[in-house]
Amino acid sequence: MKLLKAIIRPSKVDEVKDALANLNISGMTVTEVRGHGKQKGHTAIYRGKEYNVSLLPKMQIEVVVTNNIAEEAIRAIVTAARTGEIGDGRVFVLPVERAYRIRTGEEEVV
């Protein structure tokens, strides 16, 4: 099993969700987060004054998938989240050793 952790633009959440649903991946966790990459935010002007916005709003999508569909899911996320502009985000892939259903305590194969 793999944990895919994608940091994407807020406007791309529905497209990524639909792309994963097309792969029959329905379970996911979506969290509002803030951060920046190498560009370290951007400069904006408010009421004539320039200021630096260093932590940009992003969405984090976490989904656990089996190893055999991990690459397909990664491609679906990257394709759906891409705008071609700086700040499109990242996808991190982490190994998952086990999963347990809290209600029953049983080990669950994802």
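Residue numbers count from 1 along this sequence.
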Counting only pairs under 3.5 Å, give me each side-chain donor-acceptor contact of residues 20-34, with atom names and distances, residues two or more places apart or in other chains.
from, atom 1, to, atom 2, distance (Å)
N22, ND2, D18, O, 3.4
R34, NH1, L55, O, 3.1

Within the structure provided, determine whether V65 and V63 are in side-chain contact (heavy-atom separation under 4.5 Å). yes
Compile the donor-acceptor pairs under 3.5 Å between side chains in residues 67-80 and protein atoms, sequence neighbours left out, one pair per line.
from, atom 1, to, atom 2, distance (Å)
N67, OD1, M1, N, 3.1
N68, OD1, T66, OG1, 2.4
T79, OG1, R75, O, 2.8

Between CZ of F92 and NZ of K2, what distance do you get to the nearest 0.5 Å? 15.5 Å
Side-chain donor-acceptor pairs of residues 5-13 under 3.5 Å, sequence neighbours excluded:
from, atom 1, to, atom 2, distance (Å)
R9, NE, D88, OD1, 2.8
R9, NH2, I86, O, 2.8
R9, NH2, D88, OD1, 3.2
K12, NZ, E15, OE1, 3.2
K12, NZ, E15, OE2, 3.4

Run the side-chain hydrogen bond (donor to acceptor under 3.5 Å, both in side chains) test on E106 and T104 for me, step by step, so that the C-alpha distance in whole Å, both residues' side-chain angles and the decisive distance to 0.1 Å come before the verdict. CA-CA 5 Å; E106 68 183 305; T104 63; 3.0 Å; yes
Could you tell me whether Y51 atom OH has more than 12 heavy atoms of other residues or ligands within 6.0 Å of it? yes
